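Source: prediction; values computed, not measured. Numbering of ligands and ligand atoms starts at 1, following listing order.
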Amino acid sequence: MKTAVTELLGIQAPVIQGGMAWVAEHSLASAVSNAGGLGIIAAANAPYEYVREEIRKARELTDKPFGVNIMLLSPYAAEIAQLVVEEKVSVVTTGAGNPSAYMKQWKEAGIKVMPVVASVALARLMQRAGADAVIAEGCESGGHIGESTTMTLIPQVVDAVSIPVIAAGGIGDGRGIAAAMMLGASGVQMGTRFLVAKECVIHPNYKERVILAKDIDSAVTGRSTGHPVRQLRNKMTREYLKKEQEGCSFEELEKLTLGSLKSAVQDGDADYGSMMAGQIAGLVKKEQTCQEMIEELMAETEAVLGRIR
Ligand code: TUI
């Protein structure tokens with residue numbers, strides 16, 4: 001399938017894998033890229049050497065382009081911004097902030113830059129700063145989210161910028177991809193669906209919770225702290241939301257989530273781990289290889305678009 005995004009990135013399918021913290025490592029990223037999409041390694045809160053190793057391991061597994069996601073709240077963000085230049089990474093995506101300070105160094109290095117935005121204002125700013133595309137992410141997404149839904153955000157961002165727009169948040173199958181394209185997107189970013197990819201190395205308990213999740217099984221913690229995060233409901237989210245309602249301090253709330261993403265991903269702690277996932281988890285029913293997923297997604301998209309054309 002050819003779109004502005006496949007042309008920009010030199011890939012076969014307009015599907016970008018989300019830069020999921022502690023989930024998106026070299027094996028998932030290389031498998032998505034080998035399947036014709038764009039794999040992404042998440043730098044998350046990880047230090048320089050860890051991310052450099054991940055990039056090098058991915059290079060051994062694929063000769064296709066892949067990207068690195070820089071989480072801008074990370075204490076290592078500036079070092080990782082330099083690392084992607086040194087390692088000549090093809091694509092950079094960013095999350096949870098405004099990457100303006102790094103745009104010049106990335107563009108001079110010939111890196112394709114696709115910031116994740118949750119508002120029209122940041123999309124406009126990113127176009128002016130030289131972004132090659134923007135990933136507009138609605139609040140159906142897992143993880144750190146903005147205010148707008150995908151349905152409302154995508155057409156407004158499409159009208160505001162002339163660079164390609166990639167839709168994210170709530171997309172889990174070919175119907176979602178086709179719908180995003182109807183709204184003017186030239187590609188999609190998907191996270192939750194890739195959580196259950198065979199090549200995704202998260203703990204089996206996490207995969208099982210995603211596969212068993214129903215439509216209303218995610219909860220957003222941290223609205224009161226200014227860091228809203230969507231994850232699957234469990235003991236931790238229930239205690240967190242109760243404490244939030246009681247007006248607990250930021251520090252008190254932080255104690256509940258400290259290290260909780262790592263304990264979900266690595267130890268499979270289904271009770272107190274932060275199993276970040278989007279609202280589309282209810283649609284995700286089976287483990288597949290990335291190749292199977294992308295082939296199925298493209299066939300479904302073509303079928304839906306064919307009916308409309
Ligand atoms: O970044 C994400 N999703 C994430 S990051 C993450 S790691 C983390 N874990 C716990 C707490 C905080 C982070 C898990 N999931 N998605 C992209 C995204 N960016 N969503 C929303 C935004 C965003 C929000 C506000 C981007 C910019 C912004 O304001 C920028 C500004 O300063 O104007």
> Given that the side chain starts at C-beta and the backbone is N, CA, C, O, which of these parts of Leu122 lies under 4.0 Å from ligand 1, counting heavy atoms, or is it both or neither?
Replying inline: side chain
> Can you list the ligand 1 atoms lying under 4.0 Å from a non-hydrogen atom of Gly143?
Replying inline: 14 (C), 15 (N)
> Does an N or O from Ala118, backbone or side chain, lie closer than 3.5 Å to an N or O of ligand 1?
Replying inline: no
>> So which atom in Arg223 and which in Glu244 form the shortest heavy-atom distance, rounded to 0.1 Å?
In response: N-OE2, 3.1 Å
>> Check for me whether His227 has a heavy atom closer than 4.0 Å to any atom of ligand 1.
In response: no
> What is the closest protein heavy atom to atom 31 (C) of ligand 1, and at what distance does it sit?
Replying inline: Asn98 CB, 4.0 Å
> How far apart are the closest heavy atoms of Val5 and Ile11, and which atoms are they?
Replying inline: O-CG1, 4.4 Å
> What is the nearest protein non-hydrogen atom to atom 8 (C) of ligand 1, stated with its residue, atom name and distance?
Replying inline: Met71 CE, 4.2 Å
> So, for Ser263 and Gly273, which heavy atoms are closest and what is the spacing to 0.1 Å?
Replying inline: OG-CA, 3.6 Å
> Where does Glu137 meet ligand 1, judged by heavy-atom distances below 4.0 Å: at the side chain, the backbone, both, or neither?
Replying inline: side chain
> Side chain, backbone, both or neither: which part of His144 comes within less than 4.0 Å of ligand 1 when only heavy atoms are counted?
Replying inline: both
> So is Met20 in contact with ligand 1, going by heavy-atom distances below 4.0 Å?
Replying inline: no
>> With a 4.5 Å cut-off on side-chain heavy-atom distances among I, L, V, M, F, W and Y, is there a chain of contacts connecting Met114 to Ile145?
In response: no
>> Can you report which non-hydrogen protein atom sits closest to atom 12 (C) of ligand 1, along with the distance?
In response: Leu73 CD1, 3.9 Å
> Will you find, in the side chains of Glu199 and Ser27, an N or O donor that is under 3.5 Å from an N or O acceptor?
Replying inline: no
> For Ser274 and Ala264, which heavy atoms make the closest approach, and how far apart are they?
Replying inline: O-CB, 3.4 Å
>> Within the 4.0 Å heavy-atom shell around Met276, which atoms of ligand 1 are there?
In response: 9 (N), 14 (C)
> Which protein non-hydrogen atom lies closest to atom 11 (C) of ligand 1, naming both residue and atom, and how far is it?
Replying inline: Val229 CG2, 3.9 Å
> Under the 4.0 Å line, does any protein heavy atom show up next to atom 25 (C) of ligand 1?
Replying inline: no
Identify each donor-acceptor pair in which a side-chain atom of residues 13-20 lies under 3.5 Å from a protein atom, sequence neighbours left out, and give them as a table.
{"from": "Gln17", "atom 1": "OE1", "to": "Ile40", "atom 2": "N", "distance (Å)": "2.8"}
{"from": "Gln17", "atom 1": "NE2", "to": "Ile40", "atom 2": "O", "distance (Å)": "3.0"}

> When Ile, Leu, Val, Met, Phe, Trp and Tyr are grouped by side-chain heavy atoms lying under 4.5 Å apart, directly or through other members, which residues fall in the same group as Leu183?
Replying inline: Val117, Val120, Leu122, Leu125, Met126, Val134, Met151, Leu153, Ile154, Val157, Val158, Val161, Ile163, Val165
>> Under a 3.5 Å threshold, yes or no: a donor from one side chain and an acceptor from the other, between Tyr48 and Glu86?
In response: yes
>> On a heavy-atom basis, I'd like to know which of Ala44, Gly97, Ser274 is closest to atom 27 (C) of ligand 1.
In response: Gly97
> Hey, which atoms in ligand 1 end up nearer than 4.0 Å to a heavy atom of Val116?
Replying inline: 17 (C), 18 (C)
>> Under a 3.5 Å cutoff, is there a donor and acceptor pairing between the side chains of Glu239 and Tyr272?
In response: yes
> Any idea which protein heavy atom is nearest atom 1 (O) of ligand 1, and the distance to it?
Replying inline: Ala96 N, 3.3 Å
